[in-house]
Amino acid sequence: MIKFSESSLTKRPKADLLVLPFWKEKKPAPASAFEGLSKEIAPGLSSGDFTGKEGEVVVLYVAGQKEPRVVLLGLGESKMATEETLRRAYGKLTVCCHKNSWTALNIQLPTAPNLNVLRGVTEGILHANYAFNELKGNKKELKPQVRQICWISKMEKCAAQADHWQNAFEGVYLARNLVNGNADDVTPEKLVRVAKDLATRFSKVKVTAFNKARIEKEKMGLLLAVNQGSHLDPAFIIIEYKGDPQSKDHTIVVGKGVTYDTGGLNLKPTGSMETMKSDMSGSAVALGTILSCAKLNLKKNVTAVIPSTENSIDSRSFKPGDVYSGYTGKTVEIGNTDAEGRLILADALAYACKNLKPSRIVDFATLTGAIVIALGEQTTGMMSNNDTLANQLSEAGEATFERVWRLPLFEEYKSQLKSDVADIKNIGGRSAGSITAALFLQEFVDEKVPWAHLDIAGTAFLSKSDRYLPKSATGVGVRLMVQFLENI
Ligand code: BES
Ligand code: ZN
Ligand code: ZN
């Protein structure tokens with residue numbers, strides 16, 4: 001958590017550094033930023049070492065100030081600047097602070113017409129100011145994070161606005177922590193505990209968790225099939241956030257909660273399994289969204305639905321070639337036990353449609369390797385039965401820069417899922433793998449319910465850090481959902 005405050009250049013508190021923003025060509029942003037400091041920073045500006053290009057950081061040591069150092073931060077071309085430019089530049093600044101163990105910052109806010117400057121700056125810092133240290137034994141080597149920021153600005157209520165964005169990030173951090181944690185710790189039972197903890201903390205949150213016996217009673221046979229190879233019981237979690245009790249409007253977020261995906265009997269090879277603790281990223285988005293909504297006290301009704309199990313390998317494992325049926329009674333031939341996400345989501349989507357009166361459903365899942373091939377680690381794949389919902393999600397994606405790209409659900413692909421022995425098969429061959437996975441899900445969604453499927457297999461867990469995003473878990477989807485909910 002960062003403690004935000006606000007002040008003027010003359011009254012600012014002591015800190016580790018003062019951050020001054022510049023557009024390219026060393027144009028100060030704003031021009032009035034440096035009253036009383038021009039003389040001190042003039043040699044730095046005329047040295048030629050600093051040009052003001054985006055993300056450039058130059059440290060000057062200046063005597064007689066509230067801070068021992070002044071940082072010149074480049075923001076690039078002013079005409080080209082967007083909130084994303086600011087996220088990137090201040091993300092870089094934050095990484096620089098970590099390297100140097102600077103924790104208290106006085107930040108002169110840039111001015112830019114038509115931009116939500118504070119949003120971009122704050123989000124860049126909050127994104128980058130994350131560290132997952134739980135698995136480090138030697139805590140002495142750990143670098144401290146930014147803890148205090150005083151905004152220097154003429155703008156009103158900077159600190160309160162920054163606190164708003166920080167509240168939204170609580171869900172992002174929860175999601176990242178759950179995904180980065182050991183799979184042996186973040187089990188279905190642990191997800192239940194995290195959900196129940198939210199219900200204890202917030203009166204508007206209620207949790208229902210089905211244990212294995214209840215899941216059997218509900219005949220969620222597809223979730224149970226995937227669970228057969230695991231010594232850990234499955235869980236089916238429903239977390240309700242009622243922010244607008246007067247309204248019937250109700251958004252459901254379904255999240256894939258495979259706490260480890262070995263592939264099952266169709267075992268994943270070395271090189272494909274190592275990151276599979278991240279296969280519960282969808283459930284982390286669902287939990288994170290509820291936390292952010294509660295922290296922001298959002299006036300919306302949102303329910304998270306999480307089917308959760310490990311996909312392990314065992315003599316009891318469900319088998320390729322066998323046929324299983326789930327909540328709807330539709331029978332499914334298992335072509336590949338590694339296509340397990342769509343099985344557990346099928347039961348969850350069907351349950352949500354039948355029992356929870358959704359106005360719309362958005363599901364998040366690390367569902368296919370094919371989406372990583374198509375869109376890489378930068379863009380989430382989206383498939384939807386409803387143009388309005390898809391467009392709203394695209395818009396939220398632009399605003400948060402958690403961008404989504406829509407792929408079609410054309411009928412013509414459906415024949416790939418044909419089974420000779422059952423109603424449907426759980427794999428559709430190599431071509432259009434992400435689309436056939438989504439078409440499988442669609443079979444379990446009431447066609448009257450607007451539904452969007454977001455395949456986050458590429459975006460949830462990064463192989464290397466990117467812009468302000470750390471390596472590994474990103475928490476992508478939480479800010480997207482919060483923005484979407486705020487907009488509708
Ligand atoms: N969890 C994986 C998908 C995945 C791949 C997530 C890479 C993150 C990174 C999913 O359960 C899976 O294994 N899908 C298979 C489906 C195939 C057998 C039809 C895949 O994509 O290869
Ligand atoms: Zn799998
Ligand atoms: Zn999986």
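In what follows, every heavy atom counts, from backbone to side chain, and hydrogens, waters and symmetry copies are set aside. Each ligand, and each atom within it, is numbered from 1 in the order the structure gives.
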Query raised in the report: Does the side chain of Glu84 pick up a donor-acceptor pair with the side chain of Tyr468 at under 3.5 Å?
Result: yes
Query raised in the report: Any chance NZ of Lys219 has more than 12 other-residue heavy atoms, nucleotides or ligands included, within less than 6.0 Å?
Result: no
Query raised in the report: Any luck finding a side-chain donor-acceptor pair between Glu395 and Asn391 under 3.5 Å?
Result: no
Report summary line: Less than 4.0 Å from some atom of ligand 1, heavy atoms are found in residues Lys256, Asp261, Lys268, Met276, Asp279, Asn336, Asp338, Glu340, Arg342, Thr366, Leu367, Thr368, Gly369, Ile427, Ala457
Requested in this report: Please check if any side-chain donor atom of Tyr90 sits under 3.5 Å from a side-chain acceptor atom of Asn129, or the reverse.
Outcome: no
Query raised in the report: According to the interplanar angle, ranging from 0 to 90°, do the rings of His453 and Trp451 count as parallel (below 30°), tilted (30 to 60°) or perpendicular (above 60°)?
Result: parallel
**Report entry** Any donor-acceptor N or O pair under 3.5 Å, side chains Ser292, Thr289
**Finding:** no
Query raised in the report: Should the ring pair Phe410 and Tyr413 be called parallel, tilted or perpendicular, given that the plane angle runs from 0 to 90° and is split at 30 and 60?
Result: parallel
Query raised in the report: Under 2.8 Å from the Zn ion (ligand 2), protein N/O/S atom count?
Result: 4
Query raised in the report: Can you name the closest pair of heavy atoms from Ala348 and Val254 and give their distance?
Result: CB-CG1, 3.9 Å
Query - Pair Ser463, Glu377: side-chain N/O donor-acceptor within cut-off below 3.5 Å - result: yes
